[in-house]
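Written out below as structure tokens is the structure these notes cover.
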Amino acid sequence: VTGRLVGAVHTENITNNGKVTIEAKTKIARALFMGGVFAVNTDAIGLHKNIVNNGEVLIKKGTYAAIYLGGISGGEQPLGKKDNYFENCTNNGNITLEDGVVATDNIRMGGCFGWTKGVYDKNIRNNGAIYFGAKTSGNKQILLGGVYSYNSGSNYPATGGYINTGDIIVTGGTNTSTNGFATTIGGVVGAYYGELANAVNVGNIYFSGVANTANSNVGGIVGYSTAA
């Protein structure tokens, strides 16, 4: 629906039914943000309400730098606390990184959001499956989550309502990172900084192999968490 949004933007009652696909014929040397509705929002101020994605979000074989991938948005960074607010957002499309995808930087992949920082939200739901078969090179992270892959900074979950019903299926890949949460998977969120409330996961997690040189962290709700 949109590429990059910057600054004050209000969106409401938006639905995407189309499939979003990227296949790199040559190496993509910069970070790739990709979502079913938004690619990325930076320095964002605004309300995003009643947003739905029904289309698959797919990255096909090729070589990429960092990958931020989500059914609603690849990445969200508000200008300040509570400046960017999401309410009643649902992803129904599958999120797929095919076998043959190589990333030279971090991979962050969520059913709704690939990466968020300080987003204020309410009633966020993912029903799509997440399929992962990619690999990384170098000292990087693989973070996967049913709703968020990674949520950093100040978040305000007391408004609540995080639900994941989609399966997370990891069937291959390698990760040479020595980071403490090199490969981290959570049914609702992969890695979370802060408090988490009112979160439900009913999706299955199938982890048959990322060949790690460091820890693998897998949790039904959260893969890894610490204080903000």
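Along the sequence shown, the residues carry numbers beginning at 1. When reading the values below, keep in mind they use all heavy atoms of this one structure, side chains included, and skip hydrogens, waters and symmetry mates.
- The two atoms that bring Asp99 and Thr171 nearest to each other are OD1-OG1, 4.3 Å, heavy atoms only.
- By the criterion of side-chain heavy atoms lying less than 4.5 angstrom apart, applied directly or through intervening Ile, Leu, Val, Met, Phe, Trp or Tyr residues, Val218 is grouped together with Val170 in one hydrophobic cluster.
- Checking Asn123 against Arg125 by side-chain atom types alone, no donor-acceptor pair falls below 3.5 Å.
- Between the CG atom of Asn54 and the OG1 atom of Thr15 there is a distance of 6.5 Å, given to the nearest 0.5 Å.
- Both Ile205 and Met109 are part of a single hydrophobic cluster, where members link through side-chain heavy atoms under 4.5 Å apart.
- In this structure, the side chain of Asn106 engages the main chain of Gln141 through a donor-acceptor pair within 3.5 Å.
- Residue Asn53 holds its CG atom at 11.5 Å from CD1 of Ile14, rounded to the nearest 0.5 Å.
- Using modelled atom types, one side-chain atom of Asn126 and one backbone atom of Gly146 make a donor-acceptor pair closer than 3.5 Å.
- Applying the side chain to side chain donor-acceptor pair (under 3.5 Å) test to residues at least two apart or on different chains, the pairs with a partner in residues 65-75 are Ser73-Glu76.
- Val52 and Val37 get closest at one heavy-atom pair: O-CG2, 3.9 Å.
- The main-chain N or O of Gly36 is found under 3.5 Å from a side-chain atom of Asn16 such that the two form a donor-acceptor pair.
- Remark: Asn204 pairs with Asp167 by the side chain to side chain contact (heavy atoms under 4.5 Å, CB included) rule, at least two apart or across chains.
- For Asn91 (side chain) and Gly111 (main-chain N/O), a donor-acceptor pair under 3.5 Å exists by modelled atom type.
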For residues 56-66, run the donor-acceptor check on the side chains, cut-off 3.5 Å, and write out each pair with its distance to 0.1 Å, sequence neighbours left out.
residue	atom	partner	partner atom	Å
Glu56	OE2	Thr96	OG1	3.0
Tyr64	OH	Ala24	N	3.0
Tyr64	OH	Lys60	O	2.9

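- Between the Asn164 side chain and the Gly187 main chain, a donor and an acceptor come within less than 3.5 Å of each other.
- Taking CG of Asn13 as the reference point, atom NE2 of His48 lies at 13.5 Å (rounded to 0.5 Å).
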